[in-house]
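Just the heavy atoms: all of them, side chains too, but no hydrogens, waters or symmetry mates, feed the values below.
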Amino acid sequence: MASDTAALLRQALALPDGEREDLAMELLASLPESVDNELSDEWVGEVERRIEQVESGAVVCEEWDVVEQRLLAKFPRA
């Protein structure tokens with residue numbers, strides 16, 4: 001990733017949730033129609049399987065803040 005792009009990404013990630021969502025939607029909408037945004041049947045099946053696991057309690061989820069802190073402790077930023 002070019003340094004300008006990395007700096008832009010850091011700025012975007014610092015935005016409030018709603019503004020990040022708006023930005024993401026605008027960026028996706030700006031892609032040429034030739035970019036395939038459709039999920040394959042396999043991915044749809046995988047997503048449905050994972051949702052079922054979460055909803056049934058078979059998978060225990062963690063808050064992102066907890067996971068992020070664990071990752072940052074294991075892999076400190078340079």
Side-chain touch Val67/Arg70, heavy atoms, less than 4.5 angstrom:
yes
Does Trp64 belong to the same Ile/Leu/Val/Met/Phe/Trp/Tyr cluster as Leu15, with side-chain heavy atoms less than 4.5 Å apart forming each link?
no
Just how far is it from atom CZ of Arg20 to atom CG of Leu23, taken to the nearest 0.5 Å?
10.0 Å
Output all residues satisfying salt bridge (charged side-chain N to carboxylate O under 4.0 Å, His left out) with Glu19, sequence neighbours left out; order by chain, then residue number.
none
Stepwise side-chain contact (heavy atoms from CB on, under 4.5 Å) check, Val59 with Arg50:
CA-CA 8 Å; Val59 172; Arg50 291 182 185 202; over 6 Å; no
One pair to check against side-chain contact (heavy atoms from CB on, under 4.5 Å): Glu48 and Val44. What are the steps and the verdict?
CA-CA 6 Å; Glu48 289 173 347; Val44 170; 3.6 Å; yes
Nearest 0.5 Å please: distance from the CD atom of Glu26 over to the CG atom of Leu31.
11.5 Å
Counterpart residues, salt bridge (charged side-chain N to carboxylate O under 4.0 Å, His left out), relative to Asp41 (two or more places apart)
none
Please examine the side chains of Leu13 and Leu9, heavy atoms only from C-beta on, and report whether any two atoms are closer than 4.5 Å.
yes
Close side-chain approach of Glu63 to Glu68, heavy-atom, < 4.5 Å:
no
Sidechain N-carboxylate O distance under 4.0 Å for Glu46, Arg49:
yes
